[in-house]
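Notes for the one structure printed next.
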Amino acid sequence: MTEAVIVLALLLVALSATAVVAVRDPMRQSLVPAVLGVVLAVLFTVPQAPHGVAPGRHRPAGRAGPPRCAVRVSRAAPTADPA
């Protein structure tokens, strides 16, 4: 089922990309790339996660969780006004 959806999305991308190249009317040239962008968004959304993996449950082996980045915010020393 998922493969069929991916193939359909790829066909839609191929058709809309061909339409982007083929359209010569300036008024339509502004609309067709927008349609291509929507179709590409659908294509990138479809194969997000493998089946049977709940969001937040898949973790690489040997790690307890997402990496924690420590950001140090230092305060600059107040400077004297040059005026």
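From a predicted model like this one, the values you see are computed outputs, not experimental measurements. Every heavy atom of this structure was used, including side-chain atoms; hydrogens, water molecules and symmetry mates were not.
- Remark: Leu11 CG to Ile6 CD1 distance equals 12.0 Å, nearest 0.5 Å.
- Leu31 and Leu15 sit in two unconnected hydrophobic clusters of ILVMFWY residues. Membership requires side-chain heavy atoms under 4.5 Å apart, directly or through other members.
- Shortest non-hydrogen contact noted between Gln29 and Val23 is NE2-O, 3.3 Å.
- Residues Val39 and Leu10 share a hydrophobic cluster, clusters being chains of Ile/Leu/Val/Met/Phe/Trp/Tyr side chains in contact below 4.5 Å.
- Hydrophobic clustering (side-chain heavy atoms under 4.5 Å, transitive across Ile, Leu, Val, Met, Phe, Trp, Tyr) keeps Val32 apart from Val38.
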Worked check of side-chain contact (heavy atoms from CB on, under 4.5 Å) between Val42 and Leu12: CA-CA 10 Å; Val42 169; Leu12 286 173; over 6 Å; no
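- A chain of hydrophobic side-chain contacts below 4.5 Å, direct or via other Ile, Leu, Val, Met, Phe, Trp or Tyr residues, connects Val46 to Leu36.
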